[in-house]
Structures are given as C-alpha cells and as structure tokens.
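Accompanying notes for the structure given below.
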Amino acid sequence: MQRTKIKEILTQEKTDYTVNVKGWVRSFRNNQFIALNDGSCLGNIQVVIGLDAAEDVVKYITNGACISVDGTVIASLGKGQKVEIKADNVVILGECDPEKFPLQLKNKPSLEYLREIAHLRFRTNTFGAIFRVRHTLAYAVHKFFNDRGFVYLHTPIVTASDAEGAGEMFRVSTLPFDNPPRLEDGSIDYKEDFFGRCTNLTVSGQLEAELGAMALSEVYTFGPTFRAENSNTARHLAEFWMIEPEVAFNDITDNMDLAEDFIRYIIAYAMEHNREDLEFLAQRLVDEEKQKPMNERSELGLIEKLEFVLNNKFERITYTQAIDILLDSPAYKKKKFQYDVKWGIDLQSEHERYLVEKHFKKPVIVTGYPKDIKAFYMRQNDDGKTVAAMDILAPGIGEIVGGSQREERLDKLMTRMEEMHIPTEEMYWYLDTRRFGTTPHAGFGLGFERMVLFVTGMSNIRDVIPFPRTPKNAEF
RNA sequence: UCCUCCUUAGCUCAGUUGGUUAGAGCACAUGACUGUUAAUCAUGGGGUCCCCCGUUCAAGUCGGGGAGGGGGAGCCA
C-alpha cells in the first residue's frame, strides 16, 4: 500500500479508509497507543494496537523506533485527537534500543544538549518546526525573486579575490601543509597550487553578483558563505547562508524598498504556510521566558511580533540622526553606554539595541554612514563625508541586512580603492563594469540564519542551521 | 580573544557549616493494570561528583591550574 503522510491524515480528518503510515515512535502508552511522527507536520498520529498484538512486535515499539503501520483511519474513541489509526499490522522497520537512545523527550532535553546530538535533534518538536520553517523561508526567497523576474546567479564558492575585506578567509589549497613549495624569499609558491594562485572560500558573492546585474538587470545569490573569524557568539557562524540581490538602475531608496518588501514577503509566506509550527515556537518562547524576570521578557509574542513587522513600515533614519538620538537619550545622559557616542564612530551593539528595542521598538533602516567605516564599493554622497549605505537592524538580532548603492563612477571608485589600499589591477574585472556601460545600481546582503532566528524566535544561531560550524566545532 | 556563570546517574536537576552509606524525577528492567495523552502503581539495577594538583583527620563542597559548555562583549554579517 502506498504510504500516506501523517499531515494529510490529520488535516483532512476523513475517516473509515485504510492507510499505510511510516514514521518514528514519539511515545508508546499503555501498550496500546503509539504517538507516531513522520516529520510532515508538527502533530503525531495516534496509532492504536490491540492488546492481543504479537508480543515480539510490541516489545520493539519503543521511543525512537521506526515503524510501518497498516490500518484504518477512524474517528478517535478517546479525547485529545479527532482521528486515529486502528492498526491491522505493525512492522518494525528499525529498532531503537531505549537504553542507549540519547534522546529522551520526556526529560525536555536542553537546547545545549540537543546541539551535542544534532544528528538526532530533528526528531524533536522544536527542531522539526524550525527546519520546516527554515525550508519555507528558503523557498519563499526563491519565489519572491522569481516572481519579480530576478535571475538566480550561482557565484563561486572558491575565489581568488580577497579584496572586499569582509573578514578572515579559509584557505583552499592542495599544497602539502608540512612542506609547501617555496619561493626564494621563503614565501609559499602558490603558482604550484591547484589553481595556480592563492584561493579562499568566498566571504560574499556581491562583487560577482554586480557583474551579473550589469547585464541581466536583476540578479540574486543564495549560497553558503564562509568567515574564519574567531567569533564565539549566538549570532555568528563560520559557515552560513547569505542572500544577495543586486539590481541595476536602483538607487538607495529603491534598495530599501526592495529589502523591506522582501523581508515582509518571506515572513508572510511562512505565516501562511507554517502557522502550526510558528504557533508551537511561539508557545516554546513563552515557556522559555517564564523563567526570566518580567522586565527581560518580550513585550510581544512571536506571532504578534511577526504581524507587527508585516503591518508597520520600518523606521528610516540617517546615521547622523541616529547619533543625535543616541546623544539625546536618557541612556547616554546617565552614562549607561559602555562605548562613547560621537559622529564618526561605528555603532556598537548597545547603540543599535537602544535604537531598535528602546527608542523605535521596530526594525530600523540606518542610511548615510561615514565613508571611513564602510567598504570601498559604496557610493559616495555629495557631502564628501558619507556613503549611500543602509543597515537594517532588527529587534533581538541586530544587523540583519547590510547593503548600499554601489559607486558606479570609475574615477571616484578608483580613488577610493587607492585610499584603502585595494589593488586596482587585480580587480580589473570589477572595474570593467564601470568602464563599459556603467550605471547606478544597488544591492544588499541578508544573513539567512539571522532571518530564521527572527522568524522562529530562537536565540542562538546554532539552533537554526542543521549542523553549525563554529570555532572548534565541525561535528557531524 | 576578553568578562562572567556553569559542569553531580543515560537526561533534567537537588546536595545545608567540609563529616562517615551522594539523592529525586524521567529513562531502563521485572511485575500489575488497560482508552491512554509526559499513562499510572509496585519493586529493582544504575555514579571517574569534568580532569590534575593542593589545603585538611576528612573534599561533590575550600584554593590553584586545565578542559568543555552557556550568557555578554569584541571582531564580523
């Protein structure tokens, strides 16, 4: 018999038909009632077996075991579920020794413990919900851009460009570690390496995305990104997924509009398609925060927070305005900030948090940063001091989007690169777009895991990617 | 990398002023019961108290060092 997904049985609520279901046992009560989950949805189907069931089958129906059930869907005789399966035949597909199985759901295992058994944590309600939501968000990313005529551009994972300065990079090499070929001055001879030059894993697909945009008009990337920073925080990964749209003819305002539409669209898509999972995650957050003092709890529930983002425009301010707000804030006057505030500084986490969580209480887009704290490719404003950068700051997450209008004027771009000691000859391919048919264009990068954090209400980025890579951790 | 907290049974955690035999719930085993919803009840097995060194008559408990993890910060997205 063809397998039926548990989601289909639970949502249709039809009765009196025969089915086959397969899944993993979540609980087995009273030698009669199996809570079975196949990952198709949050809920379990209750499978009822007779008290006369074969003993050599019953003894292998343990938490974690994988079973196949043939039976009839009937209206449940008990309370707590509308339909259940009266089993005619149960086959043990995979035994699970309960004494050795590390995942004991009744103990409400901690997120930290589950991280250590990340290969099994998919079998919990929480991680099932997270990864279904993550999938939906990823799908919505492609749907959003596809519906608007963007081309999905696969930018390279291996790159020889280290010009962007977006952080430490992972070296890609086939040279022997212990005895690499060397030049006369003792430095490593990369001409002998696989690519004939020094190569690394990409830290951003932006520069290549710009090349595509300067012909295809609208492109986006969505791929893995690698940073070899020794960052040990709940918001950083060494391997993460980044989305980088790049649009010809867009200015900084178009760029902000695109980012806002994009964020709203994928949240709305998840709200529509993963309502049950999000409601479960909302309840999880409430339960988790019960242990916190009142003043540290979220003002809004998860669902309310997402609805708020859907229904309210993001606040748009300039960097200069942000500094003025901070200087005028009670927190500044009471010397609550650890880092000083003055025009020209890079905004610290505490400053961003104040703006987003205390002052505006909604996502904030900050534009017009001082050029000295931003990357070379950002378009210089007429004031000679600032660039057309934009950062979107989200409550609880911090920077979720970083973007800019790009400097399309060759002379200004070259001058800036020279000031920042970026080799213009090596970057000829980037500069060629400004030499041959240049035009204003803009784009941004969005950290996908940070988006998943925001939507699921989780607080550690290691819990929203299946197998997190962080300093000293590449397990699984 | 810095600050801070934590590490006791397979899991979650208690363990008083340093005191003699380290506990509970869950999980597991055996038995009972059978329309349960984290099923229930009874009985039972289960410990490198993270590691090393030290103080002490005596260390899970105090001190020093180390490892791993959490939270915050920096770097960064």
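Remember, predicted model here, so these are calculated numbers, not experimental data. Order of the sequence lines sets the chain letters (A, B, ...), proteins ahead of strands, with each chain counted from 1.
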message: Distance check, C1' atoms only: B:U48 and B:A22, in whole angstrom units.
response: 14 Å
- prompt: What is the nucleic acid contact for A:E244, judged by heavy atoms within less than 4.0 Å: base, sugar-phosphate only, or nothing?
  reply: nothing
field: Options B:U36, B:A73, B:A77, nucleotide nearest the side-chain atoms of A:F33
entry: B:U36
- request: From the options B:A73, B:U36, B:G70, select the nucleotide whose nearest atom is closest to the side chain of A:R29.
  value: B:U36
message: Ignoring hydrogens and geometry beyond distance, is the side chain of A:E112 in donor-acceptor contact with the base of B:G71 at under 3.5 Å?
response: no
query: Parallel, tilted or perpendicular: which fits the ring planes of A:Y265 and A:Y269, with parallel below 30° and perpendicular above 60°?
result: parallel
message: Checking base pairs now: Watson-Crick or wobble, both atom distances under 3.5 Å. What partners B:G68?
response: B:C6
- request: Provide, to the nearest angstrom, the distance between the CD1 atom belonging to A:I34 and the C1' atom belonging to B:A38.
  value: 17 Å
task: For nucleotides B:A14 and B:A24, find the distance between their P atoms and express it as a whole number of Å.
output: 16 Å
Given A:E260, A:E315, A:E357, the one that forms salt bridge (charged side-chain N to carboxylate O under 4.0 Å, His left out) with A:K362: A:E315
- request: Grab the CG-C1' distance between A:L111 and B:C11 for me, whole Å please.
  value: 14 Å
field: Phosphate contact (B:A39 OP1 or OP2) by A:N31 side-chain N/O below 4.0 Å
entry: no
- prompt: In whole Å, what separates the C1' atom of B:A77 from that of B:C13?
  reply: 37 Å
- prompt: B:G70 P sits how many Å from A:E116 CD, rounded?
  reply: 8 Å
query: If you measure from the P atom in B:A73 to the same atom in B:G10, how many Å do you get, rounded?
result: 35 Å
query: For A:S231 and B:G74, is the shortest distance between a side-chain N/O and OP1 or OP2 below 4.0 Å?
result: no
field: Value in whole Å for how far the C1' atom of B:G68 lies from CG of A:N232
entry: 12 Å
field: For atom NE2 of A:H351 and atom C1' of B:G74, their distance in whole Å
entry: 14 Å
- prompt: Are A:E210 and A:Y430 close enough that a side-chain donor and a side-chain acceptor fall under 3.5 Å?
  reply: yes
message: Are more than 12 heavy atoms, taken from residues, nucleotides or ligands other than A:K313, located less than 6.0 Å from that residue's NZ atom?
response: yes
message: Using every non-hydrogen atom in the two residues, find where A:R171 and A:C198 come nearest and quote the distance to one decimal.
response: NE-SG, 3.4 Å
- line: Scanning all shown strands, the Watson-Crick or wobble mate of B:C11 with both distances under 3.5 Å is B:G25
- prompt: CZ of A:R123 versus P of B:A38: gap in Å, rounded?
  reply: 21 Å
- request: Check every strand shown and say whether A:L105 touches a base, only sugar-phosphate, or nothing at a heavy-atom separation below 4.0 Å.
  value: nothing
query: What nucleic acid atoms does A:R26 come within less than 4.0 Å of, heavy atoms only: base, sugar-phosphate, or nothing?
result: nothing
query: Quick one: is B:A77 close enough that its OP1 or OP2 comes under 4.0 Å of any side-chain N or O from A:T225?
result: no
Whole angstrom value for the distance that separates C1' of B:A77 from CD1 of A:I373: 15 Å
task: Measure from the side-chain heavy atoms of A:E399 and tell me the nearest of B:A73, B:G70, B:A77.
output: B:A77
- request: Let me know the distance between CG of A:L103 and P of B:C28, rounded to the nearest Å.
  value: 12 Å
query: Within the structure shown, what part of the strands sits under 4.0 Å from A:F444 by heavy-atom distance: base, sugar-phosphate, or nothing?
result: nothing
query: Can you tell if the side chain of A:L278 reaches within under 4.5 Å of the side chain of A:R275, non-hydrogen atoms only?
result: no
query: Counting side-chain heavy atoms from C-beta on, which of B:A73, B:C11, B:U36 comes nearest to A:R235?
result: B:A73
Listed nucleotide nearest any side-chain atom of A:Q32, set B:G35, B:C75, B:A77: B:G35
message: Side-chain N or O of A:Q348 versus OP1/OP2 of B:G74: is the shortest distance under 4.0 Å?
response: yes
- prompt: Will you find, in the side chains of A:S204 and A:E244, an N or O donor that is under 3.5 Å from an N or O acceptor?
  reply: yes
- request: Could you work out which one of B:A73, B:G35, B:U12 sits closest to the side chain of A:S110?
  value: B:U12
message: At less than 4.0 Å, is any side-chain N or O atom of A:R227 found next to OP1 or OP2 of B:C75? Yes or no.
response: no
message: Among A:F240, A:W241, A:F222, which residue satisfies the ring-ring contact (aromatic ring centres under 6.0 Å, His included) criterion with A:F448?
response: A:F222
message: Quick check for you: among B:G35, B:G10, B:A73, whose closest atom lies nearest to any side-chain atom of A:Q81?
response: B:G35
message: Can you tell me if A:N230 touches the phosphate of B:U1, counting only side-chain N or O atoms and a distance under 4.0 Å to OP1 or OP2?
response: yes
field: Pair assignment for B:C62, Watson-Crick or G-U wobble, requiring both distances under 3.5 Å
entry: B:G54
message: Between B:U7 and B:U12, how many Å separate the two P atoms, rounded to a whole number?
response: 12 Å
query: Under 30°, 30 to 60°, or over 60°: which ring-plane class applies to A:F145 and A:F150, parallel, tilted or perpendicular?
result: tilted
query: Paired with B:A73: which nucleotide, if any, by Watson-Crick or G-U wobble criteria at under 3.5 Å for both distances?
result: B:U1
message: Between the base of B:U12 and the side chain of A:Q104, is one N or O donor paired with an acceptor at under 3.5 angstrom?
response: no
- prompt: Start at the 5' end of RNA chain B and walk down; is the nucleotide closest to A:A238 or to A:G78 reached first?
  reply: A:G78
Interatomic distance at P, B:G68 relative to B:A27, whole Å: 34 Å
- prompt: What interatomic distance, in whole Å, is found between C1' of B:C26 and the corresponding atom of B:A38?
  reply: 9 Å
- line: Scanning all shown strands, the Watson-Crick or wobble mate of B:U16 with both distances under 3.5 Å is none
- prompt: Starting at the 5' end of RNA chain B and moving along, which residue's nearest nucleotide shows up first, A:N63 or A:D346?
  reply: A:N63
A:Y220 and A:Y152: CA distance, side-chain angles, deciding distance, ring pair (Phe, Tyr, Trp, His ring centres under 6.0 Å) verdict: CA-CA 5 Å; A:Y220 71 104; A:Y152 177 26; 5.1 Å; yes
message: With a 3.5 Å limit on both atom pairs, tell me what B:G31 is paired to, counting Watson-Crick and G-U wobble, or say none.
response: B:C41
- prompt: If only side-chain N and O atoms of A:R115 are considered, is one of them under 4.0 Å from the OP1 or OP2 phosphate oxygen of B:G70?
  reply: yes
query: Mind checking the P distance from B:U61 to B:C6? Whole angstroms is fine.
result: 14 Å
- request: Give one of base, sugar-phosphate or nothing for A:F240, where a contact means two heavy atoms less than 4.0 Å apart.
  value: base
query: So which nucleotide from B:C11, B:A73, B:G35 ends up closest to the side chain of A:R353?
result: B:A73
message: Does B:U12 have OP1 or OP2 under 4.0 Å away from a side-chain N or O of A:K106?
response: no
statement: Looking only at B:A73, B:G70, B:G72, the nucleotide nearest the A:S349 side chain is B:A73
query: Closest to the A:R450 side chain: B:U12, B:A39, B:A77?
result: B:A77
